[in-house]
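Take a look at the structure set out below.
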Amino acid sequence: MTGKSDIGPILRVALPAPVRRLFDYRSPGTDSAGTAPPCPGGIEPGTRVWVPFGRRRLVGVVMETAIRTELSEEKLKAVVAPLDGQPIFDPAMLALLTWAAGYYHHPPGEVLSAALPKALRLGAPLEAMQERWQITPAGSEAWAQGEPRRAPRQRQLLAELAAQETTAGDRRGRGAWREAARALQARGWIVSVQVPLAPAPVIAADPAALPRIRIEGPELNVEQRQATERICQSLDTFGAFVLQGITGSGKTEVYLRVTERVLALGRSALVLVPEIGLTPQLVERFRERFRVGMAVLHSALTDQERLAAWRDAFSGQARIVLGTRSAVFAPLPKLGAIIVDEEHDASFKQHEGGFRYSARDLALVRARRAEVPVVLGSATPAIETLYNLESGRYARLRLTRRAVRATPPRIALIDLRASAHHSGLSAPAVQAMQRHLGAGGQVLVFLNRRGYAPTLLCTACGWVAPCTDCDARLTVHLAAQRLRCHHCGADSQLPARCPQCGFAVKPVGQGTERIEETLAAMFPGLPSVRLDRDVVRHRGDMEAAMRRIASGEGRILIGTQMVTKGHDFPNVTLVVVLNADQGLFSADFRAPERLAQTIVQVAGRAGRGERPGEVLIQTEFPAHPLLTGLLSEGYEGFARTALKERREASWPPFSRLAAVRDSAATAEAALTFLAEARALAGHLQGVRLLGPVPAAMARRAGRHHAQLLVESADRSRLHRFLDAWLPQVESLPSARRVRWALDVDPIELF
Ligand code: ADP
Ligand code: ZN
Ligand code: ZN
């Protein structure tokens with residue numbers, strides 16, 4: 001036997017370092033001679049450990065164990081100690097994280113950053129601890145002798161502690177009590193201890209407990225029942241289901257029923273929703289239905305809130321975890337099903353920072369590892385998802401009827417070239433608005449551009465207000481009297497005159513703020529409600545707006561993308577899409593898909609109440625095949641055409657893509673690095689490199705952006721290539737002069 005095998009298993013640890021590999025350590029309590037006994041029982045994979053790293057101590061996670069290491073015995077250091085008595089990740093989660101690090105070619109330690117709240121990465125305990133006060137023998141003695149005599153609050157606290165063992169430190173966390181406790185502590189009469197919060201309730205698998213854990217829902221219609229049954233037949237095995245149905249067709253009700261069955265089996269459910277779809281209404285529907293703990297995870301949580309929600313999930317206290325993108329990594333001790341609502345939504349893909357993962361795709365991987373079903377819900381499934389349906393990898397479940405009412409809205413195009421228009425509103429659109437408002441309906445006007453106007457123009461010299469840091473114009477925000485860049489956030493005073501010639505300037509084009517003004521002049525006395533990021537800025541703003549709409553006080557709704565998801569506008573009878581044309585002619589092959597999804601989603605807002613709906617789409621290209629296809633055959637007709645086009649152009653899903661994106665102080669530096677990276681590729685087999693090219697908006701926030709695409713018809717070829725190529729790219733000297741990142745399966749191409 002060699003010395004090496006005596007030192008116990010090698011622990012392979014993921015550390016917060018930008019290196020695409022694990023770090024080897026010995027088990028704690030072993031020395032290089034192998035004389036000390038190894039850690040009793042060993043440290044299981046998934047456990048957090050303190051390790052020496054250079055001169056620092058870091059928290060890492062043991063990802064796997066090995067019997068061999070490349071390190072010499074002198075170099076191989078020992079783990080200092082485990083942080084917890086149990087793994088923080090179960091084997092299925094570990095497998096998911098390892099898979100993700102490999103697939104996205106990202107440092108495993110940085111993958112953990114996405115998966116763990118910051119506090120846990122820094123060493124916070126796994127369980128929530130609570131500060132409690134405990135009386136000391138000296139304290140009991142003093143109490144028996146009538147102390148403390150003059151401080152009534154200290155007296156009361158000591159009395160309580162003499163009568164019962166401990167008292168929560170934060171129970172009366174206000175200043176005066178804390179002060180009293182400090183005083184008693186200083187005299188050695190009490191001590192403060194940290195104890196774990198109440199343990200998680202035992203999860204019992206007991207279908208008979210159902211009435212106790214949920215309120216009964218409405219009776220399902222036939223399609224909902226069939227969908228629920230199909231999914232629930234697969235509760236003990238992996239299955240991917242696409243639940244396809246327009247808004248209001250009862251998808252959420254199916255999610256609730258699947259969750260109910262999962263809970264009844266003593267398991268828990270993970271529900272992922274898009275950033276914008278995590279509405280109080282949705283959270284409320286789950287809360288109303290179930291009497292079990294629920295954790296809600298989203299990007300607006302503070303570190304402490306995130307930690308608390310994570311711990312609730314980890315301990316099993318929360319049986320339902322509802323969250324946005326990163327919730328795909330939430331710990332659930334007995335995962336029973338994963339639901340991804342609005343699976344086509346772009347916010348499931350992390351498109352910034354280093355670790356650019358798709359939560360939707362990871363949900364599928366996770367469900368497969370955990371052998372549970374995954375439900376992908378959408379009215380407008382992603383083209384990739386439709387392709388997976390076609391090829392039989394996913395099963396389709398349709399909800400074709402609206403749960404509440406049946407008539408789908410009538411959709412028509414308005415040719416902007418043929419009809420008079422004023423401030424972005426065509427005559428037919430205005431007439432339709434008059435008709436619907438006159439009949440007591442509400443009207444929704446959709447424009448995906450916030451602010452007053454996208455351009456500020458000098459009519460004398462032609463000057464246009466530019467962003468100094470981006471290849472973009474500044475947007476006029478009239479009410480705020482600001483000029484803002486929607487790409488870098490630059491913000492300045494709105495000038496009254498042209499800085500170049502001193503002549504008057506004027507806003508050109510339409511934003512939601514200006515449409516609101518125009519409509520107020522056109523329909524005096526009919527109040528409007530605007531929904532965009534400028535007016536909905538704080539928690540509660542959305543609810544306030546929704547109340548004004550629901551009460552009927554607001555008759556005209558004007559909104560951006562924000563109105564396309566999640567909300568019910570039952571009295572909206574007319575939807576006007578002001579400009580459909582942005583998505584028709586884009587360099588990004590996904591732009592038409594997004595446009596079609598938006599139109600269908602916005603159209604879905606109309607006529608959900610008792611009245612039939614009407615949808616008008618203004619365009620300068622009424623003969624565009626995408627629009628006519630969408631109108632005559634709906635989203636699936638569009639999708640058929642889109643799939644055909646992608647097959648011909650061999651875009652995903654008919655090929656696999658990875659984008660190397662970079663930015664630098666100069667356009668030349670940005671392109672040089674990518675050109676050198678390309679040159680490293682050498683002889684290619686089944687992989688194509690496209691570029692480098694400057695990004696469509698090359699300069700953003702003062703930096704120049706460029707991209708190089710890697711494409712292959714074969715996924716494993718692509719990944720083998722990346723595995724071999726990336727380490728070389730990393731060691732290029734020019735790599736240090738740029739900021740660069742790899743984006744596997746990019747969903748936006750610039
Ligand atoms: P989606 O998630 O597809 O938008 P929901 O599940 O939210 O649809 O259903 C739309 C509305 O119809 C909700 O108010 C819901 O409570 C109601 N609903 C859903 N299913 C039924 C049903 N089977 N019977 C009665 N009402 C239902
Ligand atoms: Zn001028
Ligand atoms: Zn800018």
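This is a predicted model, so every value here is computed, not measured. First listed ligand is number 1; within each ligand, the first listed atom is number 1.
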**Item:** Ligand-residue contact atoms, ligand 1 with Ser249, heavy atoms, under 4.0 Å
**Value:**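 Listed by number with element, the hits are 3 (O), 8 (O).
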**Item:** Enumerated ligand 1 atoms positioned under 4.0 Å from heavy atoms of Asn221
**Value:**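 In order of numbering, the contacting atoms are 23 (N).
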**Ile549 and its side chain to side chain contact (heavy atoms under 4.5 Å, CB included) partner, picked from Leu531, Val563, Val572** =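 One option only clears the test, and that one is Leu531.
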**For Arg514, the option from Ser423, Pro454, Pro507 that meets side chain to side chain contact (heavy atoms under 4.5 Å, CB included)** =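 Per the side chain to side chain contact (heavy atoms under 4.5 Å, CB included) rule, the option paired with Arg514 is Pro507, out of Ser423, Pro454, Pro507.
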**side-chain hydrogen bond (donor to acceptor under 3.5 Å, both in side chains) against Asp581, all qualifying residues, sequence neighbours excluded** =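 Counting only residues at least two positions away or on another chain, Asp581 forms a side-chain hydrogen bond (donor to acceptor under 3.5 Å, both in side chains) with Thr619.
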**Asked** Sequence neighbours excluded, which residues qualify as side-chain hydrogen bond (donor to acceptor under 3.5 Å, both in side chains) partners of Asp341?
**Response**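 By the side-chain hydrogen bond (donor to acceptor under 3.5 Å, both in side chains) rule, Asp341 matches Tyr255.
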**Request:** Would you sort out whether Arg289 and Glu253 count as a salt bridge (Lys or Arg N to Asp or Glu O under 4.0 Å), showing the intermediate values?
**Result:** CA-CA 10 Å; Arg289 185 65 61 88; Glu253 192 55 46; 2.9 Å; yes
**Asked** Should one rank Glu253, Gln244, Glu219, Lys251 by closest heavy-atom distance to atom 23 (N) of ligand 1, which comes out on top?
**Response**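 Looking at heavy atoms only, Glu219 sits closest to atom 23 (N) of ligand 1.
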**Item:** Contact check: Gly248 vs ligand 1, nitrogen or oxygen atoms, below 3.5 angstrom
**Value:**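 Checking ligand 1 against Gly248, an N or O pair does fall under 3.5 Å apart.
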**Request:** Take Glu384 and Arg360, measure what salt bridge (Lys or Arg N to Asp or Glu O under 4.0 Å) needs, and give me the verdict at the end.
**Result:** CA-CA 11 Å; Glu384 275 87 349; Arg360 191 257 327 264; 5.3 Å; no
**Prompt:** Non-hydrogen atoms of Gly245 versus ligand 1: any pair closer than 4.0 Å?
**Reply:**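 Not so, Gly245 does not reach ligand 1.
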**Atom CZ of Arg291 with >12 non-hydrogen neighbours under 6.0 angstrom** =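 Above 12, so yes.
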**Asked** Near the Zn ion (ligand 3), which protein N/O/S atoms fall under 2.8 Å?
**Response**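 Within the sphere that stays under 2.8 Å of the Zn ion (ligand 3), the protein atoms of type N, O or S are Cys467 SG, Cys470 SG, Cys485 SG, Cys488 SG.
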**Asked** Side chain, backbone, both or neither: which part of Ile246 comes within less than 4.0 Å of ligand 1 when only heavy atoms are counted?
**Response**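 Under 4.0 Å from ligand 1, Ile246 contributes backbone atoms alone.
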**Message:** Walk me through whether Glu748 and His351 qualify under side chain to side chain donor-acceptor pair (under 3.5 Å).
**Reply:** CA-CA 8 Å; Glu748 268 169 287; His351 62 276; 4.7 Å; no
**Item:** Residue and atom, protein N/O/S, under 2.8 Å of the Zn ion (ligand 2)
**Value:**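 N, O, S partners closer than 2.8 Å: Cys458 SG, Cys461 SG, Cys498 SG, Cys501 SG.
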**Request:** Kindly determine whether Gln233 and Glu229 satisfy side chain to side chain donor-acceptor pair (under 3.5 Å), including the steps that lead there.
**Result:** CA-CA 6 Å; Gln233 277 161 16; Glu229 284 316 311; 5.1 Å; no
